[in-house]
Amino acid sequence: MLDIRLIRDNPDKIKAELAKVSFPPQEVDRLLAADERRRKLQHELDELRARRTRESRELGRMEPAERESRRAQMRALGEQIAEGERELTRAEAEFNRLMLLVPNLPRPWVPAGEGESANSVVRREGEPKQFDFTPLPHWELGEKLGIIDFERGVKLAGSRFYFLVGMGARLERALIAMMLDLKREQGYLELAPPLMVNTETVTGTAHLPKFADTMYRDIEEDYWFVPTAEVPLTNFYAREILDSARLPIYLTAYTPCFRREKMSAGRDVRGIKRGHQFDKVEMVKLVHPETSDAELESLVENACEVCRRLGLAFRVIRMGTGDLGFAAAAKYDVEVWAPGCAEWLEVSSCSNCWDFQARRAQIRFRNEKTGRNEFVHTLNGSGLGLPRTLIAVLENYQQADGSVAIPQALRPYLSGLESISIASR
RNA sequence: GGAGAGGUGGCCGAGUGGUCGAAGGCACCAGAUUGCUAAUCUGGCGUACUGGCAACGGUACCGAGGGUUCGAAUCCCUCCCUCUCCGCCA
């Protein structure tokens, strides 16, 4: 959520900024009209209530005889106030509805452009591995080794579900453990959060109200399955005021994530690249606004380090305004090279949400300098997404004989095991 | 799921219809004072919206939402949460 005062004070500037992320200017006008109406009603109501308090007190001190006559007019005032409250409630609901649909403003340095047009590679590290045989895609490798079972996933749940079997499951578990240990080294506090959260929580990170159809939910109990651990991690301190000495706060969690993937129906249906359920290690930072830009850079670096330890070639993409999404003010993706399916796989997406989520979730800190409570800045990034990392490991470490070598960094988590072959599963 | 108890400011804890945004204590901040870590005294000390250049005002918030009333932290209803006991269960 943006600061309404910012919009109120510089409507034209904000309209221009929002146009960069395809938000129509007339929506800003609607919002301002709703704001004005709400404030006018609020003010009128305040005056009526002040009058009631004052006169009710007088009434209490009156002689009984005198009271009765005043009661009637006080009752009328009460009705007027009740009507005013109903009207204000409606006006506020409309205002809030509109506010929650306004996307975040991009940082000034984010290149402007439609869609992916303004995205650019800002860094590469490691060379895509060369093979003296034709590397297989992971779906073939996985089936040959018997470590990914697509058919039974489909049998039990449907399209986009699969089992990891034996060494496949162990390899993923090793990756998770390795990532979490690295996150701890990098200063993150590990949490094991709820995987189902309420509407308020999902609204806090801005997955609601706009993206309701991308998530699974239990309507009866008002539970939403988390689409990413960003939701519970960012909301950990929702509606709290933090001591500034505690900032920055780094949180991490391994969780399954649940997504409907309606938008990508028919895309990436092969393999384990995109499922309705996947595992991810997530990083979230709550930081002082002054350090926010620098914290995004180090967040990306924290994600890159996972790739580096796994010996995977990767590149970092800076997203242009057209690809920022709803909540991000700036965003980088990290992609690793997968030689089997011959593509760069997005294994991490690192966003700085500025005060956008903090305002929704009301995460504040006491600013010693100003003596005021201000919103923290929130950042989040994958560190990393498991299926795609698993794809990259399998495809990059495959050998001519059909086995897959275990990256050095994972061996301590697999009793020193050096490779996966059909025999070892 | 059943029975009971309870949810008040950072914490503890008063408050059962009016002058209560809420006593008191602790913690915290500022100042004063006493030569030792510390004690004492004085003052300050919630959040948000809003009017005003400011001084200083107004309104809302005592788990949430409704209701009764001229007036609700206080009475009534519904819901949520916590605790205790019983039942059930991974």
Side-chain angles (χ1 to χ4, degrees), chain A residues 1-9 31-100 192-204 208 217-225 232 235-247 249 256 355-376:
Chain A
M1 204 155 60
L2 301 181
D3 184 351
I4 183 60
R5 279 170 291 205
L6 195 67
I7 305 175
R8 211 187 278 151
D9 296 345
L31 183 69
L32 287 169
D35 175 46
E36 200 170 315
R37 176 172 157 71
R38 154 194 154 250
R39 291 206 295 157
K40 180 167 163 283
L41 289 169
Q42 176 70 256
H43 185 69
E44 288 169 2
L45 189 60
D46 280 358
E47 303 219 310
L48 288 177
R49 288 207 269 225
R51 204 174 111 204
R52 177 174 68 182
T53 304
R54 208 180 328 113
E55 295 183 8
S56 273
R57 264 177 209 164
E58 289 168 14
L59 185 67
R61 284 191 293 263
M62 284 177 179
E63 298 299 319
E66 216 177 336
R67 257 185 215 172
E68 281 314 309
S69 61
R70 282 295 290 282
R71 260 205 192 129
Q73 35 177 303
M74 289 305 289
R75 219 187 322 262
L77 180 59
E79 249 322 298
Q80 209 184 336
I81 288 171
E83 177 52 33
E85 283 171 343
R86 283 189 288 271
E87 223 180 321
L88 178 63
T89 301
R90 281 195 298 271
E92 279 181 333
E94 174 65 1
F95 172 71
N96 289 333
R97 190 184 70 79
L98 294 171
M99 276 303 275
L100 290 174
L195 303 181
M196 298 159 85
V197 295
N198 60 30
T199 297
E200 185 178 23
T201 301
V202 188
T203 307
L208 283 179
R217 70 184 299 199
D218 176 347
I219 300 168
E220 236 176 288
E221 302 281 355
D222 183 32
Y223 289 143
W224 298 80
F225 286 52
N235 278 287
F236 190 62
Y237 290 108
R239 298 176 293 287
E240 294 187 33
I241 300 171
L242 304 164
D243 191 332
S244 66
R246 296 178 63 183
L247 301 178
I249 291 168
D355 60 3
F356 187 78
Q357 293 178 324
R359 182 170 286 108
R360 286 171 170 247
Q362 291 185 67
I363 311 163
R364 290 172 290 178
F365 74 103
R366 182 118 206 135
N367 189 329
E368 307 297 344
K369 271 190 216 162
T370 61
R372 305 176 68 90
N373 296 323
E374 297 173 13
F375 294 109
V376 300

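The figures that follow rest on heavy atoms only: side chains count, while hydrogens, waters and symmetry mates do not.
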Nearest-angstrom distance, [atom1] atom, [N] to [M]:
N     : M     : atom1 : result
B:G17 : B:U68 : C1'   : 12 Å
B:G46 : B:A39 : C1'   : 29 Å
B:C62 : B:U8  : C1'   : 4 Å
B:U40 : B:G25 : P     : 13 Å
B:C12 : B:A27 : P     : 15 Å
B:U16 : B:G7  : P     : 13 Å
B:C83 : B:G65 : C1'   : 24 Å
B:U47 : B:G10 : C1'   : 13 Å

(message) Base contacts versus sugar-phosphate-only contacts with protein, heavy atoms under 4.0 Å: please encode nucleotides 54-61 of chain B as B, S and - from 5' to 3'.
(response) ----BSS-
(message) Using a strict threshold of under 4.0 Å (side-chain N to carboxylate O), is an ion pair present between A:Glu240 and A:Arg246?
(response) no
(message) Check A:Glu58 with A:Arg54, please: is the shortest side-chain N to carboxylate O separation under 4.0 Å?
(response) no
(message) Using heavy-atom distances to pick each residue's nearest nucleotide on RNA chain B, tell me which of A:Asn373 and A:Arg86 is more 5'.
(response) A:Asn373
(message) Return whichever of A:Arg38 or A:Arg75 has its heavy-atom-nearest nucleotide of RNA chain B closer to the 5' end.
(response) A:Arg38
Which whole-number value in Å describes the distance from [X] [atom1] to [N] [atom2]?
X        : N     : atom1 : atom2 : value
A:Ile363 : B:U47 : CD1   : C1'   : 17 Å
A:Leu41  : B:G51 : CG    : C1'   : 17 Å
A:Asp243 : B:G46 : CG    : P     : 17 Å
A:Glu55  : B:G18 : CD    : C1'   : 15 Å
A:Ile81  : B:C70 : CD1   : P     : 13 Å
A:Leu48  : B:G71 : CG    : P     : 13 Å
A:Arg364 : B:G10 : CZ    : P     : 11 Å
A:Arg71  : B:G17 : CZ    : P     : 16 Å

(message) Among A:Arg359, A:Gln357, A:Met1, exactly one meets side-chain contact (heavy atoms from CB on, under 4.5 Å) together with A:Phe375. Which residue is that?
(response) A:Arg359
(message) Is there a side chain to side chain contact (heavy atoms under 4.5 Å, CB included) between A:Val376 and A:Leu247? Walk through the geometry before answering.
(response) CA-CA 9 Å; A:Val376 300; A:Leu247 301 178; 4.2 Å; yes
(request) Hey, could you give me the CD1/CG distance between A:Ile7 and A:Leu2, rounded to the nearest 0.5 Å? (result) 5.0 Å
(message) Please report the interatomic distance CG(A:Asp35) to CZ(A:Arg37), rounded to the nearest 0.5 Å.
(response) 12.5 Å
(message) As a quick check of understanding, evaluate side chain to side chain contact (heavy atoms under 4.5 Å, CB included) for A:Arg8 and A:Arg39, giving each step before the final call.
(response) CA-CA 12 Å; A:Arg8 211 187 278 151; A:Arg39 291 206 295 157; 3.4 Å; yes
(request) May I ask you to evaluate whether A:Arg70 reaches the phosphate of B:G71, defined as a side-chain N or O under 4.0 Å from OP1 or OP2? (result) no
(request) Just compare B:U47, B:U50, B:C70 and give me whichever is closest to any side-chain atom of A:Ser56. (result) B:C70
(request) Assign A:Arg239 to base, sugar-phosphate, or nothing according to its heavy-atom contacts below 4.0 angstrom with the strands shown. (result) nothing
(request) Convert the base pairs of RNA chain B into dot-bracket notation, remembering that pairs crossing earlier ones are written with [ ] and that bases paired across to another strand are shown as |; include only Watson-Crick or G-U pairs under 3.5 Å. (result) ((((((((.[[[..)..(.....]]].(((((.(...).))))).((((((....)))))).[[[[[..)....]]]]])))))))....
Side-chain donor/acceptor pairs under 3.5 Å, residues 76-95 of chain A, sequence neighbours excluded:
| unit_1 | atom_1 | unit_2 | atom_2 | d |
| --- | --- | --- | --- | --- |
| A:Glu83 | OE1 | A:Arg86 | NE | 3.3 |
| A:Glu83 | OE1 | A:Arg86 | NH2 | 3.1 |
| A:Glu85 | OE2 | A:Arg49 | NH1 | 2.7 |
| A:Thr89 | OG1 | A:Glu85 | O | 2.7 |
| A:Glu94 | OE1 | A:Arg97 | NE | 3.2 |
| A:Glu94 | OE2 | A:Arg97 | NH2 | 3.4 |

